[in-house]
Student: 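Take a look at this one; I'll ask things after.
When reading the values below, keep in mind they use all heavy atoms of this one structure, side chains included, and skip hydrogens, waters and symmetry mates. So you know, we letter chains A, B, ... as the sequences are listed, proteins then strands, and number each from 1. Predicted, not measured: the structure shown is a model, and the values here were computed from it.
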Amino acid sequence: MNKFIDNKILSGDKNQFTLLAGHCQICSRLYFPTLLNCSVCETDLKEYKLPKKGTIWSWTTQHFQPKNPPYDDKQGIESFQPFCLGIIDLNNELRITAKLIDVTTEDIYINMPVELVQLPFKSFRNGNDVTTFAFQPIKK
Amino acid sequence: MKNDIYIIGVGLHKFGRTPDKTGLEQAKSAVNKALKDSKLKWQDLDFAVGGSQDAGNADSLINKMGATGLPFINVFNGCATGGSAMITGMNSILAGQGSLGLIVGFDKHDPGAFRVDLDKWDLPQWYGDMGFALTTQFFATKINRYMHDHNISESSLVRVAMKAFKNGNLNENAWRTKILSYDDIKSSIMINHPLTKYMFCSPSEGAAALIICNEEVANRYPSNQKIKIKACSFKSRREGTFEVFQPSYQPHMVNTVTKDAALDAFNKANISPEEIDIAQIQDTESGAEIMHMAELGLCEDGEQEQLLANNETHINGKLPINTDGGCLANGEPVGASGLRQIIENVIQLRGQAGKRQTKNPRLALSQVYGAPGISCVSILEKVQ
């Protein structure tokens, strides 16, 4: 049984999945994560699947373990490992904060093309694993 | 002018770590110094405004200072709390609450990065779970993009920090007073690329207090004591800006909140950025100082590289910045930080800064920035 970190932002299954935003059909604004309604038009937001490909608008690394809470420090048996994260520009529709995998500080660059992937977030003995999202360089 | 507001007293409790004093005790010390500086008593005040994140309710100070019936308003706006306290105090005078008021900010934080309460900042749980609820990441991604767009090199990041510790060394109230070399800073451990340990400020402790008054009260003070608040502008972010603690951003960018606050402050003061003689600006990390210089209109985007290479932002330079060592050398007790900047400007304008005195400044700017994208810009003027 596989579960997403938050069903408001992710949907699908192991093979096919997307990031979900809220779309206002009046003003076209996108909200990630979605809200109850558009903060400008006050109308209901429609579920919108964000592009799965984007480019790195900017990036950094996280070298120290963030404090718990809010950081979930029981993600696995391994100790904290520094990671890369970025602000991903999704086809000029929206920019979101995301973890970056399969990159090093040597090969990562601004405007690098990246794609959405699933990332195991937490595993439990009963098999109810939790999955989150990340971006990785698009393989040529 | 009838509506002008002045600062007639300032007091600071040393920033850093003071294990034997609570935050409120440090605040009391700063308040007493400010009262002494303005030759006033607690009983003389018409109102007080104060703020603290982690060291107690500001109005609890009445237990320590005297329960006089004084209206004491608590304010809090994250790292920009000093700015909101200042503008609330000014508005109190303009609204007729009184002619003489106290502005106080203090804090006492645990070591390490700020612990973020997601609900308070309206952030989703997954954002915290995954390790994104850190202000340091925001500043790092912002400067990384800025360096890419405006040809700023790592050496500029190092130079900002070198200057901060050099100025901190001249400031008896600063926390980090040890002068660090270029290599000390460059080769310290990486925190969030491209920012190393010594390019970041740390949450710390401290307190700052100001006495403000209207023109009528200010007239009782000699001109070398009172400093005019020429303008103060407090803004929150607009849609389409890249600011701290946002899980997503609109790609169509507008002016940053600091740019908005600066434009408004310069407009209110009716002066141009070129007229500013010294500035105390938010340097949560080296990159923030660099970016805020341009956002405040003090230089063009990209010009910082040359200004820093030529030491123009040093105490003896063309535009001294963070003359007391800024957040990098003082740490950041969020309730007090914005008021520390204003106090440094008051001391500089009065010509009382001793070893770190800049050359005869007339106009001084300060800028404090915080989550979720708020900025407060103040412009002070020496009374001629």
Student: Which atoms of A:Ala98 are under 4.5 Å from chain B, going by heavy atoms: the side chain, the backbone, both sets, or neither?
Tutor: backbone

Student: Over all heavy atoms of both residues, which pair between B:His148 and A:Ile110 is shortest? Give the atoms and the distance, please.
Tutor: CB-CD1, 3.5 Å

Student: Compute the centroid of each ring, for A:Trp57 and then for B:Tyr249, and state whether the two points are separated by less than 6.0 Å.
Tutor: no

Student: Determine whether B:Pro251 and A:Glu93 make a side-chain contact, defined as any pair of heavy atoms from C-beta on separated by less than 4.5 Å.
Tutor: no

Student: Given side chains that start at C-beta, do those of B:Phe132 and A:Gln62 come closer than 4.5 Å, heavy atoms only?
Tutor: no

Student: Specify the closest pair of heavy atoms between A:Phe64 and B:Ile191, including all atoms of both residues, with the distance to one decimal.
Tutor: CE2-CG2, 3.4 Å

Student: Roughly how far, to the nearest 0.5 Å, is the CG atom of A:Leu35 from the CG atom of B:Asp122?
Tutor: 8.0 Å

Student: Determine whether a donor-acceptor pair (N or O, by modelled atom type, separation under 3.5 Å) exists between the side chain of B:Asp129 and the backbone of A:Tyr71.
Tutor: no

Student: Verify the neighbour count for atom NZ of B:Lys186: are there more than 12 heavy atoms of other residues, nucleotides or ligands below 6.0 Å?
Tutor: no

Student: Counting heavy-atom pairs under 4.5 Å with chain A, which one of B:Ile189, B:Asn144, B:Thr136 comes out on top?
Tutor: B:Asn144

Student: Please classify the contact between B:Phe242 and chain A as side chain, backbone, both or neither, with a heavy-atom cut-off of under 4.5 Å.
Tutor: side chain

Student: Could you check which of A:Leu90, A:Ile5, A:Thr105 has the highest count of heavy-atom pairs closer than 4.5 Å to chain B?
Tutor: A:Ile5

Student: Mind checking whether B:Trp126 and A:Phe133 have ring centres under 6.0 Å apart?
Tutor: yes

Student: Considering only heavy atoms and a distance below 4.5 Å, find which of A:Ile56, A:Ile88, A:Ile9, A:Val40 pairs most often with chain B.
Tutor: A:Ile9

Student: What are the two closest non-hydrogen atoms of A:Phe83 and B:Met130, and how far apart are they?
Tutor: CZ-O, 3.7 Å

Student: Between B:Pro247 and chain A, with a heavy-atom cut-off of 4.5 Å, which part of the residue counts as in contact: side chain, backbone, both or neither?
Tutor: both

Student: Quick check: closest heavy atoms across A:Leu30 and B:Gln250, and the distance to 0.1 Å?
Tutor: O-NE2, 3.3 Å

Student: Which region of B:Glu239, side chain (C-beta onward) or backbone (N, CA, C, O), has a non-hydrogen atom less than 4.5 Å from a non-hydrogen atom of chain A, or is it both or neither?
Tutor: side chain

Student: Testing the basics here: between B:Thr141 and A:Ser58, what is the closest heavy-atom pair and its distance to 0.1 Å?
Tutor: O-OG, 2.6 Å

Student: What's the spacing between B:Gln137 CD and A:Ile87 CD1 if we round to 0.5 Å?
Tutor: 8.5 Å

Student: Answer with side chain, backbone, both or neither: which region of B:Met147 has an atom nearer than 4.5 Å to a non-hydrogen atom of chain A?
Tutor: neither

Student: Please tell me if the side chains of A:Ile96 and B:Ser248 come closer than 4.5 Å, counting only heavy atoms from C-beta onward.
Tutor: yes

Student: Need one label for A:Asn92: side chain, backbone, both or neither, based on atoms under 4.5 Å from any heavy atom in chain B.
Tutor: both

Student: Examine whether an atom of A:Gln65 lies under 4.5 Å from a heavy atom of chain B, and if so say whether it belongs to the side chain, the backbone or both; otherwise answer neither.
Tutor: neither

Student: At what distance, to the nearest 0.5 angstrom, does NZ of A:Lys67 lie from CG of B:Asp110?
Tutor: 5.5 Å

Student: Taking atom CZ of B:Arg145 and atom CG of A:Asn111, what is their separation to the nearest 0.5 Å?
Tutor: 5.5 Å

Student: Checking heavy atoms, do the side chain of A:Leu119, its backbone, both or neither come under 4.5 Å from chain B?
Tutor: neither

Student: Assess whether atom CZ of B:Phe139 is packed by more than 12 heavy atoms of other residues, nucleotides or ligands within 6.0 Å.
Tutor: yes

Student: Please look at A:Asn68 and chain B and tell me whether the side chain, the backbone, both or neither of the residue comes under 4.5 angstrom of a heavy atom of that chain.
Tutor: backbone

Student: Between A:Tyr109 and chain B, with a heavy-atom cut-off of 4.5 Å, which part of the residue counts as in contact: side chain, backbone, both or neither?
Tutor: neither

Student: Which pair of heavy atoms, one from B:Ala133 and one from A:Pro70, lies closest together, and at what distance?
Tutor: CB-CG, 4.0 Å

Student: So how far is it from B:Ile143 CD1 to A:Thr60 OG1, rounded to the nearest 0.5 Å?
Tutor: 11.0 Å

